Amino acid sequence: MIVLVHLVLLALVSWAAAAAAAAAPTPGRVQTSLNEGWKFARFTNNPDSLSYNTLKPWILPLANPFIVTGTKYPSPSGSAPGANVQQVQSSFNDNTWQEVDLPHDWAIAGPFGAPGISGGMGRLPTNGIGWYRKTLVATADDVSGTKSIFLDVDGAMSYAAVWLNGNLVGGWPWGYASWRLDLTRHLRAGNNTLAIRLESAVENSRWYPGAGIYRNLWLVKVDKTHVGQWGTQITTPQVSASSATVNLAVQVENLGNATREVEVTTRIYPVNNGTTAEAVATVKAATISVPAGEKRSVNGSVAVANPRLWGPPPSQTPNLYLAVTTLTSGGTVLDTYTTRFGIRSITYSPSQGLLINSQRVYVQGTCNHHDQGAIGAAYNHRATQRQLEILRDMGTNALRTSHNPPAPELLELADEMGFIVLDEAFDCWSVGKTTNDYHLLYPEWHEADLRAFVRRDRNHASVIAWSIGNEVANQEAALPAREATELQNIVHAEDPTRQVTSAMNAAAPEHALPAAVDIIGLNYQGEYGNYAAFRQKFPNKMIWGSETASCISSRGTYYFPVHSGNNNRWNTAGSSDANARYISAYEMANPGWGNSPDAVFLAQERFQPWVAGEFVWTGFDYIGEPTPWGGNGGSRSSYFGIVDLAGFPKDRFYIYQARWRPDKPMVHLLPHWTWPERVGQVTPIHVFSGADEVEVWINGASQGRKKKPGNGIYRFRWDEVKYAAGEVVAVGYKGGKEWGRDVKKTAGTAAALAVTVDRAVIDGDGKDLAYVRVEVVDDKGIIAPRANNTVTFSVAGPGKLVATDNGDPTDMTAFPSSSRKAFSGLALAIVKTEKGAKGQFTVTARADGLKQGQVVITAA
């Protein structure tokens, strides 16, 4: 058993600017958003004769601060390319360019069917050259020589290059990386022209990657002597209920022209609901001498009495702390750097699975791509929060960031909400999966990308393990094992407190790859019985299902006859409609390599308690990879999600809820009960529940009371019942008492639109979102489950329609469209406010022949 006890921290300057104000002043460092007021143009042909290859000699040296074991790149001589390109010139007229705010995904508006873009990438126009331009205003103090001015980029897709006032400053090729550029040398008082070029190829991904500057941009102004980028790291060698030893390392960077004597002091504050109380501990001040142009680290230690530990709900609480580090010289404050963190211990147990704070936490996880449905890859905080809220309601306690580093803010939310995270770096290494994916960058960039990734994320309480790769090629060969060893060594050097895995779908126990990693992560192999073989070969390693299920379905669609087992291929009789490209929502179909939830649950039960849990593929449907219809004329988005692309739960949601929230009284009945063409025909009824027994009635006649089929089974079946219009009632019992019920009624003709909203009050900042749900109902308010009426949305008042959706993976209507067909009786509108709005606005949904519905939303 390997016990790793540590304190994790989050270098969260954006959030902490407000939170730290309650604890300490923040002189010396100013971080501001650069998201607003950009001009943008996309070109399908190269407008500037530049490319990453021509720019690479000037960009590669930006990797040097993250290269420890590899060879660093020399700075080239001569003039950098691009100075004469018109897009970087202050005199260039960009009046005809589009006005955009960041984060921005240039492809999400569509249309679908973009030339050369596969179904795997979502059929949206991600390819091309994108230029962004913005005017920065600098003060005389900014250019006085006492400050450093940095551009911090959370993510830009991809091959980014940046010019300031016609000078190439640098860039970064990997679209999922976060990175920093020093603008100081080329900044001048007054107006400055910042220009950013992106280059996105076809076939650069297996899923929809998005396009553009799709994550946040920041301008950081700080004294020449300051805490470096991601420059704090905290560990705790000892944690108990009475005390935690906090060890803090602070890296101080001096970009000035003279040696600087610096005093480093850190105070620790508890965080309560986003605010801080009095300091609970102070790290003893230390003085260091930092030569010009160099970095020095200072280490300190302090005990926190009676620490409030961070852990996942419901059995634990995600308590957080804030470390405020202050640099002073000669009594003058140079920098104040805030770091949010949590105190907790991790045990990776071969016999018990994952333990947090000595409590076993069964991993109830989902894998998730980074797009946010109809708004695409452009990061939005509310969209991410909503996804996590839906997953939490299902019982999810863990997230796998498949297959790339997430937006930093996702980890902030995970810290706050108490999710545990398997933080994943790469989908491939030196051998690629698509023509233009990461394998082209791997030889020159893997060390820098991986070290930057770990340094950025290692201080999050939520991150409990690292994944260095997903289903890499040739898992049986020697090369992947050598690469895994190198990558794992890099991670251990940057973070010795957590273990490392690689998600393996083809490696066998006797291969070198599983021997090379700390944790055995199995993709789909576990449900085929391979847990036991890996445990026998690696008795001292923790094992989990790093990817499971891959069940596929279309919300609200059902086909007959229903398969007699609980697990079957999507193309067996009654499982799908290939012409319509829909798969039955009885939730038993798989694409061949995967399994139904039922099969995975049985495998997990069989090998309890030493299997740590699972990460299901996937929590949400996502754009691209529309297996099994990804070819020409195929669909736009996946079928794998437990929740559809619009955020509407599929029936599968409730079988996971039955397993993952065993104390929640819940009974879920399927299918719907509106089948006029099936009168007198066998129409099986299934019930998902954690009850001991379930009884079903059709129009008051009992169809029998059934006991739970077995441990790990949450599906109750009535396979011989015949359809008759009316009412179906399912009642679950636990301990002999009614525990929950569900009712399905036959719907009449569609008559009206019932409109609700997830939040009636939203921020008037022009970024916060409200999700408006439309149900097509009959005159009694019963959802018409097969309705596909075209719904048109309008907004009156200080609001805007952002996008619409319905969860139908075959719908090729562009997401910004105000009209959208209902799918299985549901449609969605996403709205926001005008920037700075106050007061109310109304969202109205209309459909021909139906009574309209509306909802009023307040901008606060």
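Just so it is clear, the model here is predicted, and its values are computed rather than measured.
In the displayed structure, Glu99 atom CD is contacted under 6.0 Å by at most 12 heavy atoms of other residues, nucleotides or ligands. Annotation: Lys664, atom NZ; neighbour count of heavy atoms from other residues, nucleotides and ligands within 6.0 Å is above 12.
Side chain of Ser158 to main chain of Gly175: no donor-acceptor pair is present (N/O by atom type, distance under 3.5 Å, no hydrogens or angles). Although no hydrogens or angles enter the test, the distance criterion places no donor-acceptor pair under 3.5 Å between the side chain of Thr804 and the main chain of Arg820.
Using cut-offs of 30° and 60° on the angle between ring planes, the pair His104 and Phe40 is perpendicular. Taking the six-membered ring where tryptophan is involved, the planes of Trp675 and His672 are essentially parallel, since the angle between them stays under 30° and well short of 60°.
Salt-bridge annotation for Glu409 and Arg215: absent, with no side-chain N of the basic residue lying under 4.0 Å from a carboxylate O of the acidic one. Look at Arg652 and Asp598 and you find no salt bridge, because none of the NZ, NE, NH1 or NH2 atoms lies under 4.0 Å from a carboxylate O. Classification of Arg382 and Asp768 as a salt-bridged pair fails, no side-chain N sitting under 4.0 Å from a carboxylate O. The pair Glu834-Lys800 meets the salt-bridge criterion, since a charged nitrogen lies less than 4.0 angstrom from a carboxylate oxygen. Of the charged side-chain nitrogens involved, none lies within less than 4.0 Å of a carboxylate oxygen, so that Asp765 and Lys832 do not count as a salt-bridged pair. A salt bridge is absent between Asp101 and Lys835; no separation between the charged side-chain nitrogens and carboxylate oxygens falls under 4.0 Å. Checked for salt-bridge contact, Arg773 and Asp758 miss the test: no charged N lies under 4.0 Å from a carboxylate O.
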Exercise for review: Go through the steps for Arg400 and Glu424 under the test salt bridge (Lys or Arg N to Asp or Glu O under 4.0 Å), then give the verdict.
Suggested key: CA-CA 7 Å; Arg400 176 182 174 218; Glu424 190 156 84; 2.9 Å; yes

| task | Give the intermediate values and the outcome of ring pair (Phe, Tyr, Trp, His ring centres under 6.0 Å) for residues His668 and His686. | result | CA-CA 8 Å; His668 179 74; His686 290 194; over 10 Å; no

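Distance check: Met812 CE to Ser637 OG gives 8.0 Å after rounding to the nearest 0.5 Å. Atom CH2 of Trp617 and atom CG of Asn590 lie 16.0 Å apart (nearest 0.5 Å).
Counting only N and O atoms by type, the side chains of Ser462 and Asp415 include a donor and acceptor under 3.5 Å apart. Using a 3.5 Å distance cut-off with no hydrogens or angles, the side chains of Tyr586 and Asn566 do not pair a donor with an acceptor.
Just one of Arg123, Glu625, Arg581 meets the side-chain hydrogen bond (donor to acceptor under 3.5 Å, both in side chains) condition when paired with Ser635; it is Arg581.
A cation-pi arrangement, defined by a distance under 6.0 Å to the six-membered ring centre and an angle within 45 degrees of its axis, is absent between Arg715 and Phe688. With Tyr771 as the aromatic partner, Arg386 meets the cation-pi criteria of under 6.0 angstrom to the ring centre and within 45 degrees of the ring axis.
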